[in-house]
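Contents: one structure, followed by commentary.
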Amino acid sequence: MSELEDLFQSLDFYRSKDKKGQAKNIDRFRTRPDKHTQRKAWNDHFERDISRKYDSFTYTCVMTEDRTDYDTISCWQSSPITELNQDNAILTKEIMEVEGHLIARASENIVYGSFEADWKKLDVEKKKEIVLEGLYRGACDAPRDNSRISCPEMTIKGLIGDSEYNLINLLKRLIEHDPIGNGHVQEIYLFRHPYIDHEFRYTEKAPEKLKAFRYRSTLLRNYYIVFTLYGILAAFLGHEPLKLTPAQFSSESSLDAEERKRSHRKCREDYKNSPRKVDESQCMEEGARKVYACYNCKSMTKDRTSLKRCGRCKLVWYCTPECQAKDWNDHKKYCCHKKFDPKLLTPTSEGRPDQFIGCPEAVPGFIRTPALHRQIWYLSKADSQERDYHINTKYDHTKSILVNPSTKLEFLVARRRAMASGSVSAIFRMYEIIELDKDEYIKVGVPMDLVRRQFEVEYRISMTPSTKQSAEPWTPPTAREIVEERAYLLKRLRSVNSSDIDLLVPPLPVLR
Ligand SMILES: [Zn+2]
Ligand SMILES: [Zn+2]
């Protein structure tokens, strides 16, 4: 369905009368209620639009079978293909980033946790409330709320119902795309829906720009879906909203105020003649996004005037030459490229930061679980360099453990062996070392049954005496392993300028 047909269709609604001869559905032409202040009305307004658009979809499908309307669509003609490519690259990168996080979280809670059963048991009203929260969070994070209009799956009824597009099924589909769950996806996953396949379709003969524009619509739709699913899961788990993208915008931001205002005004004008009126907050947010800060580090702290553009395409901004250099491997693939090719937009996997210093490689044949990948990811964070392990205390909340210096190096050797090969005796050794100070850990809210559960989920074993008996016995660390672990520990602490190096790093054992 083209923008024009969409307009006609909404005009029909505008013209339709109720029993008393009054024009009905006029609210379609009214501004959408503000999502921040009237969340429920905002959602109802959207859901009405979605059902109007897709309930009559079979009819419009027949009408537009022949794509002769390419020339009548003006919105895609105004942007050059290079700009669309750049825009699509940003969207691809950000969607992939969130997909990685979402898969890790979802698989942990669905594959290893009891999320599916807990969700089913939940009271309908509570489900509605959580889903509404997620839909709202999705709209706050997505570059434009109106992408939701192309998401027939994103209604409260649909998400809590039993259809193949409900919350659990959508999450499972995403997990299947990348079951490793290491927080990163190799390829972008795009949710499909038959209405959308039809709506955004084009023939091979279609102009490159139109293809890129259609792909952009697909990406925007997926952006909203992925952020909403993340939002629902996070709301269920009692988590704060995600803060990953530069779309969040505060008035204290030091971005150039004039440029922001211009961009905001432009967005308002774009929507003025559109059949879909948007609320003011959306214009503000979209405006803020267009004055994107450094494309590599997403720094919002610098004034736009201090950023430099790519000299070739003049479309991307960087805060430093280092940032430009870091992004060049990705950017060079589509910089000034005048064809539509979504493969060029996939970011390279270099420089992934989530392997802590000294993290072992998995031995061939040992497949790490999403939960173990998550442990590694946690231990890799800057504020985790002084910690030795993370234990889930409730859904998606962790507490970190600091092992006593007298047993620390042995613990770290056991951790290394367990992470490398899933060695059962190493897992039990970690458990026993933690158990030595169990009273301390109980005081901070980490009882031993949580530790046991943590290892069971991460290593897919059951921590019973018989498992331990049937495993190889624990062989104490060699002198070389101890020296290595100590060196890694020092490196980790120095990487964050830890002030507790003397306290945290045990001395090497005395040579005899
Ligand atoms: Zn930067
Ligand atoms: Zn460029």
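Note that ligands are numbered from 1 as they come in the structure, with each ligand's atoms numbered from 1 the same way.
Side-chain contact check for Tyr488 and Arg492: no donor-acceptor pair (N or O, by modelled atom type) lies under 3.5 Å. No side-chain N or O of Asp327 forms a donor-acceptor pair with one of Tyr295 less than 3.5 Å apart.
Of all protein N, O or S atoms, those under 2.8 Å from the Zn ion (ligand 2) number 4.
Residues Gln375 and Thr398 form no side-chain contact, since every pair of their non-hydrogen atoms from C-beta on lies 4.5 Å or further apart.
With sequence neighbours excluded, the residues that form a side chain to side chain contact (heavy atoms under 4.5 Å, CB included) with Arg312 are Cys310, Trp328, Cys335, Cys336. Taking Val505 as the reference, Arg486, Leu489, Leu490, Leu493, Ile501 meet the side chain to side chain contact (heavy atoms under 4.5 Å, CB included) condition, with sequence neighbours excluded. For the side chain to side chain contact (heavy atoms under 4.5 Å, CB included) test, residues two or more places apart in sequence or in another chain that qualify with Thr92 are Met96, Ile188, Leu219, Leu345, Pro347.
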